[in-house]
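Right, one structure below, let's go through it.
Just so you know, ligand 1 is whichever comes first in the structure, and atom 1 is the first atom listed for that ligand.
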Amino acid sequence: MESFGARLHRAVDERGPLCVGIDPHPALLARWGLADDVAGLSRFARTVVEALGDRVAVVKPQSAFFERFGSQGVAVLESTIRQLRDRGSLVLLDVKRGDIGSTVHAYASAYLDPSSPMYVDAVTASPFLGVGSLAPMFDLAAEHGGGVFVLALTSNPEGAAVQRARTADGRTVAQQVLDEIAQLNMGAEPLGSIGAVIGATVGETGCDLSAVNGPLLAPGLGAQGATAADLRVVFGTALPAVLPSYSREVLGAGPDPEALRAAADRAVVDCRAALAMS
Ligand SMILES: O=c1ccn([C@@H]2O[C@H](COP(=O)(O)O)[C@@H](O)[C@H]2O)c(=O)[nH]1
């Protein structure tokens, strides 16, 4: 089984360094002329899949925007995941799960077991209960070629109070998370399968990213104010591992599929230029 890190490395080589989120905000549904209901959600997601599923390396459905419609919304999410997989983009489900280990085991089964209806290539996870509590996700990901992106320094301004706080040994919480990820990825080639989430908005991280050896997902571009040029300040010499992520900035170009493709292509050009600066 090829690892997620290897599959992601190839996808980025072939399609460019870009993750596009599917975040069907009510305001975006309205802007696209769609109703804020399950039919509107379904049309929105299908349009993004058809425009970008065979074009961008990674597509990241934001589970919350599907869950808000209950079981019917989750059914749309399941179908969106299947359609994306058929079109060849890697699917990163942004669901930020985390709990005690025995419950994380169930989350792992839900998203990283190929027999699950919600099976995806990778998920986002929260380390607030300790990175070690996510071990069932790491194990199942390793078994089936999946990936896990662990929150480290999030793009929202509130995150810093927790994530930049110092632990007993003087490291920041974020650095401790990154060090634990580095342990999990040690020796992996060309890239480990356990990623970190570091917002493009955070400025200088104060962290040593050199040993992570996994993908660094960078949300916060576009709607949250960061630009591709900011990636250099945030990631420094770790730029080659960065996977820039845009949602509203690209989605706002819809519903015309050509306009969505053009927006994604522009983002790839900007990000390639920014990442080449390393
Ligand atoms: O630190 C984080 C972690 C996750 N996100 C998610 O990414 C998208 C961002 O959407 P934009 O429209 O590009 O702002 C969204 O789904 C967030 O939940 C993040 O922003 N920051």
Enumerate, one pair per line, all nitrogen or oxygen atoms of ligand 1 lying under 3.5 Å from a protein nitrogen or oxygen, stating the separation to 0.1 Å; write 'none' if no such pair exists.
unit_1	atom_1	unit_2	atom_2	d
ligand 1	1 (O)	Ser155	N	2.8
ligand 1	7 (O)	Lys60	NZ	3.1
ligand 1	10 (O)	Ser247	OG	3.4
ligand 1	12 (O)	Arg248	N	2.9
ligand 1	12 (O)	Arg248	NE	2.7
ligand 1	13 (O)	Ser247	N	3.0
ligand 1	14 (O)	Gln224	NE2	2.8
ligand 1	14 (O)	Arg248	NH2	2.8
ligand 1	16 (O)	Asp23	OD2	2.5
ligand 1	16 (O)	Gln62	NE2	2.9
ligand 1	18 (O)	Gln62	NE2	3.0
ligand 1	18 (O)	Lys96	NZ	3.4
ligand 1	20 (O)	Ser155	OG	3.3
ligand 1	20 (O)	Gln224	NE2	2.8
ligand 1	21 (N)	Ser155	OG	2.6

### Query
Taking C-beta and beyond as the side chain, do Tyr119 and Val91 meet within less than 4.5 Å on heavy atoms?
no
### Task
Establish, from distance only, whether the side-chain atoms of Gln224 and Ser155 form a donor-acceptor pair under 3.5 Å.
yes
### His25 NE2 to Arg248 CZ distance, which is reported to the nearest 0.5 Å
4.5 Å
### Query
Do Arg171 and Asp208 sit within salt-bridge range, that is, some charged N less than 4.0 Å from a carboxylate O?
no
### Task
Would you tell me whether Asp179 and Gln183 have side-chain atoms, one donor and one acceptor, within less than 3.5 Å of each other?
no
### Query
Taking the side chain from Thr167 and the backbone from Val173, do they hold a donor-acceptor pair closer than 3.5 Å?
no
